[in-house]
Each structure stands twice: as C-alpha cells, then as structure tokens.
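All remarks here apply to the structure that follows.
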There are 2 protein chains.
Amino acid sequence: MTHSDKRAYFFKIDSTIKRIRSFMQKNLTDANIDLTVDQWVVLDHIVPNAGISQNELGTLICKDAPTITRILDILVKKELIVRKMSDMDRRKFILELTPQGKELHKKAFAIIANGRKKSWENLSDKDYDDLVRIMDTIYANVD
Amino acid sequence: MTHSDKRAYFFKIDSTIKRIRSFMQKNLTDANIDLTVDQWVVLDHIVPNAGISQNELGTLICKDAPTITRILDILVKKELIVRKMSDMDRRKFILELTPQGKELHKKAFAIIANGRKKSWENLSDKDYDDLVRIMDTIYANVD
DNA sequence: GTTCAAATATTGTCATGGCAACTATTATTT
DNA sequence: AAATAATAGTTGCCATGACAATATTTGAAC
C-alpha cells in the first residue's frame, strides 16, 4: 500500500457510510416512515430477540448504554416499544415491540431491503466476502 | 449475495469505522494531543491547501457547512488556525494554520501514520484496491 | 442601477456517540 | 449479615451530523 493510499482509507469508509446512511434515511422519509436509521437498527434487532435487555442490545449493535437509553426513550415515546421490568433481575428491562412497532417494522423492512439491494448493485458475492474480511481484519487490528 | 449478508453490511462498516475512530482517538489522547479525530481531519486538509475557504474544505472532506463552522470555531479557540477575511470575496474566510497549529499537526501526523499502519496489518495492496472500489461503487449507487 | 437569485457562513434544533458520574440492584467477600 | 464490588440503566457534558432558517455579500437580469 502506498503512502497516499494509507492516508485516505479512513476517510473513504467514513464518507461512504455517511452517504449510505443518508440514502437509507431518505428512503424511509420518502415512505413517510418516522424513523431514523439508528432507530430502525434498534427496532430491527429487538424483533428477532424479544425480551432482550438494553445492555445485551447495546453489545449486539455496538452502541453504548447511554445511546441505547436515548434511542429507546424515543421509541417508547413513539409507542413502538415497551420496557417491561424483569422479574429475575430488577435492574433490567425486557424490551418488546408494541403492535404498532411490529407494523412499522414490517413497513420499514421492505424499504430498507430495497435500499440494500440498490446500494449493492454492480458488486458480487466475492466483493461482499472481501469487504467483511477486510472489516473484520481492521477490527481485530485495532482491538 | 445472500439475504442474511445483505442485512449485515451497513452495520459491519458502521461498527468498524466507529472502532477505527476510537482507536485513533486513543492514540492521540495517549500522546497528549488535544484533538478529536475530526479536528485532526480538518487540520490535515488545511495544511496542503493553505488559503482554502470553509465551503471548499467542507466539500473536500465531506462535512456540511455547519459542521465545518463548529469544528473551526474550536480550532480557532485552541489557536491552531486563523480565519482571515478574503479580499476577493468578503463572504469567504481564508483558512491558515498558526505556528502552534503547524507544530501540533506535525506531532499528530506521526501518531496517525502509525495508527494507519497498525490498523492495516495483514491486509494487502489488492485489499486496499478492492475496498476503494467497493466504497466507490456503493457511493455511486446511492448518489 | 435596482431587483432578484445564488453563494458563504452562521445559528438553532434534534439525534447520535464517547466519556464520566450517579442510582439502584445484585453478587461476592469476609 | 455487613461491607464491598460488579452490573444495569440513567443523566450530564461536549463533539459531530443532518436539516432548516437566517444574514451578508456577490452575481445576474432587467
């Protein structure tokens, strides 16, 4: 890798991820879905993990505890999820989607899936494997 | 690309970039350099572009005008850069590093260069080319 | 030359992210 | 059992990012 290449790679990834986020956000907004991309990520990870705690959710989606708290506050206010006290451990909350939450998740999923498809056009399965390997390698290098 | 792969790629990139940023930040902080990663990026792009305007800088590093304004406010307060009025166009500022700014940039550069090297271990030139191509393709897809 | 449109920068609001401090609860140690 | 440590979650502060609104200045149209 040349010197100038080394300079650019953080910035390259950073600007691309910002652009993808903005694209996904626009798709959601255009579909009249009142969710940010991060709120979507949270919703989408509660669905297959009903009853998950806030900490577990944070670990799962790489967000720290304060960020989880604040996103959940918003989702509760929007009546998309509920925090239930855990009987086992009264420090914990049990997270679940409301009926409206499930409905909105379903609607948003179609939009997001379409966005993922469009954003990956002209790229192959091997590209995907390479991307994952490169991301995982960097992740391990900076751990 | 399989369904489950499609689901994961935004999140994969997002969490990796967060980790890289945190790694670079720790390197700076450990070296007693009072700069955030984004403040570093701004400084580092004024150096080879002395006299650049705020808008041009924003375009260069993919940050919007308000973000540039606020990061520059901080850098001015830290006495690392100065905003000079443009004689050609009184709407514009001309950005330059102070002597302290140049000194800190030099010190930070060594830290960042080392971090880049470490973060890219076990990856090849071809990996870099692939990463850039994939990022550019996605960027174009969502444009 | 005045009017209108565009460009530059700033400010405001809200969402997210990192960090530290804090409360409440549970687990461990003795 | 009491003291201590660890865990779960919240709140505060500041930096960044997206978006909208604004002021100032410049450029274009007439």
Side-chain angles (χ1 to χ4, degrees), chain A residues 10-11 14-30 34-43 51-78 83-95, chain B residues 10-11 14-30 34-43 52-78 81 83-95:
Chain A
F10 171 82
F11 168 68
D14 195 47
S15 50
T16 305
I17 197 73
K18 270 195 270 182
R19 197 63 94 84
I20 299 170
R21 185 185 304 274
S22 151
F23 169 71
M24 291 296 187
Q25 186 64 64
K26 184 169 164 28
N27 289 347
L28 288 174
T29 304
D30 288 352
D34 177 29
L35 282 178
T36 66
V37 172
D38 290 283
Q39 287 162 20
W40 154 257
V41 170
V42 169
L43 265 195
I52 195 174
S53 74
Q54 298 192 186
N55 263 12
E56 290 162 350
L57 182 60
T59 302
L60 196 62
I61 61 179
C62 297
K63 293 185 189 294
D64 68 353
T67 300
I68 293 290
T69 292
R70 283 159 191 146
I71 294 179
L72 291 180
D73 286 348
I74 295 170
L75 294 177
V76 167
K77 194 173 296 175
K78 290 182 180 175
R83 283 179 170 114
K84 291 185 183 167
M85 275 292 185
S86 167
D87 292 333
M88 299 294 113
D89 185 340
R90 290 194 342 221
R91 292 170 302 185
K92 289 190 183 180
F93 285 122
I94 297 302
L95 304 175
Chain B
F10 170 84
F11 169 69
D14 194 48
S15 51
T16 305
I17 197 72
K18 270 194 269 183
R19 196 63 94 86
I20 300 171
R21 184 184 304 273
S22 151
F23 170 71
M24 292 296 186
Q25 186 63 64
K26 182 167 165 31
N27 289 347
L28 289 174
T29 304
D30 287 352
D34 178 28
L35 281 179
T36 66
V37 172
D38 290 283
Q39 288 162 19
W40 155 257
V41 170
V42 168
L43 264 194
I52 196 175
S53 74
Q54 298 192 186
N55 261 13
E56 290 162 351
L57 181 59
T59 302
L60 197 61
I61 61 179
C62 298
K63 291 184 190 294
D64 68 354
T67 300
I68 293 289
T69 292
R70 282 159 189 147
I71 293 179
L72 291 180
D73 286 347
I74 295 170
L75 294 177
V76 167
K77 195 173 294 177
K78 290 182 180 175
I81 64 153
R83 283 177 171 117
K84 290 184 183 169
M85 274 292 184
S86 167
D87 291 335
M88 300 295 113
D89 185 339
R90 290 195 340 222
R91 292 170 301 185
K92 289 189 183 180
F93 285 121
I94 297 303
L95 303 174

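The figures that follow rest on heavy atoms only: side chains count, while hydrogens, waters and symmetry mates do not. Everything numeric in this text was worked out from a predicted model, so none of it was measured. A, B, ... follow the sequence lines: proteins, then strands. Residue 1 opens every chain.
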(request) Quick one: list whatever passes salt bridge (charged side-chain N to carboxylate O under 4.0 Å, His left out) with B:R91, sequence neighbours left out. (result) B:D89
(request) Indicate, with a heavy-atom threshold strictly under 4.0 Å, whether B:S53 touches base, sugar-phosphate, or nothing. (result) sugar-phosphate
(message) Run the side chain to side chain contact (heavy atoms under 4.5 Å, CB included) test against A:K78 and tell me which residues pass, sequence neighbours left out.
(response) A:D34, A:Q39, A:I74, A:L80
(request) Quick one: label B:Q25 by what it contacts on the DNA or RNA (base, sugar-phosphate, nothing), any heavy atom closer than 4.0 Å. (result) nothing
(message) Going by side chain to side chain donor-acceptor pair (under 3.5 Å), name the residues that satisfy it together with B:D87, two or more places apart in sequence or in a different chain.
(response) none
(message) Please give me the minimum heavy-atom distance between A:I17 and B:I17, naming the atom from each residue.
(response) CG2-CG2, 4.3 Å
(message) With a strict under 4.0 Å distance from non-hydrogen atoms of chain B, what nucleotide opens and what nucleotide closes the contacted stretch of DNA chain D, reading 5' to 3'?
(response) D:dA15 to D:dT26
(message) Quick check on contacts: within residues 58-69 of chain A, what sits under 4.0 Å from DNA chain C by heavy-atom distance?
(response) A:K63, A:D64, A:P66, A:T67
(message) So which atom in B:S53 and which in B:E56 form the shortest heavy-atom distance, rounded to 0.1 Å?
(response) N-OE1, 2.9 Å
(message) Taking salt bridge (charged side-chain N to carboxylate O under 4.0 Å, His left out) as the definition, give me every residue that meets it alongside A:R70, ordered by chain and number, with sequence neighbours left out.
(response) none
Kindly list each side-chain donor-acceptor pair under 3.5 angstrom involving residues 60-69 of chain B, sequence neighbours excluded, with atom names and distances?
residue : atom : partner : partner atom : Å
B:K63   : NZ   : B:D38   : OD1          : 2.5
B:D64   : OD1  : B:T67   : N            : 3.2
B:D64   : OD1  : B:T67   : OG1          : 2.6
B:T69   : OG1  : B:A65   : O            : 3.2

(message) Pair B:F10, A:V37 - check side chain to side chain contact (heavy atoms under 4.5 Å, CB included), show working.
(response) CA-CA 11 Å; B:F10 170 84; A:V37 172; 4.0 Å; yes
(message) Assess the residue pair B:L95 and B:R83 against the criterion (side chain to side chain contact (heavy atoms under 4.5 Å, CB included)); give the C-alpha distance rounded to whole Å, side-chain angles, the decisive distance to 0.1 Å, and a yes or no.
(response) CA-CA 5 Å; B:L95 303 174; B:R83 283 177 171 117; 3.8 Å; yes
(request) Give A:R21 one of three labels, base, sugar-phosphate or nothing, depending on what nucleic acid heavy atoms sit under 4.0 Å from its own. (result) nothing
(message) Applying side chain to side chain contact (heavy atoms under 4.5 Å, CB included) to A:L35 and A:L75, what does each step give before you reach the verdict?
(response) CA-CA 9 Å; A:L35 282 178; A:L75 294 177; 4.0 Å; yes
(message) Before you tell me yes or no, could you show the steps for B:M85 and B:F93 under side chain to side chain contact (heavy atoms under 4.5 Å, CB included), namely the whole-Å CA-CA distance, both residues' side-chain angles and the distance that decides it to 0.1 Å?
(response) CA-CA 5 Å; B:M85 274 292 184; B:F93 285 121; 4.1 Å; yes
(request) Give me the residues of residues 83-92 of chain A where at least one heavy atom lies under 4.0 Å from an atom of DNA chain D, by number, or none. (result) A:R83, A:R91, A:K92
(message) Would you compute the distance between atom CG of A:N27 and atom CH2 of A:W40 and round it to the nearest 0.5 angstrom?
(response) 12.5 Å
(request) Walk along DNA chain C from 5' to 3' and tell me the first and last nucleotide with an atom closer than 4.0 Å to a non-hydrogen atom of chain A. (result) C:dA15 to C:dT26
(request) Output all residues satisfying salt bridge (charged side-chain N to carboxylate O under 4.0 Å, His left out) with B:R90, sequence neighbours left out; order by chain, then residue number. (result) none
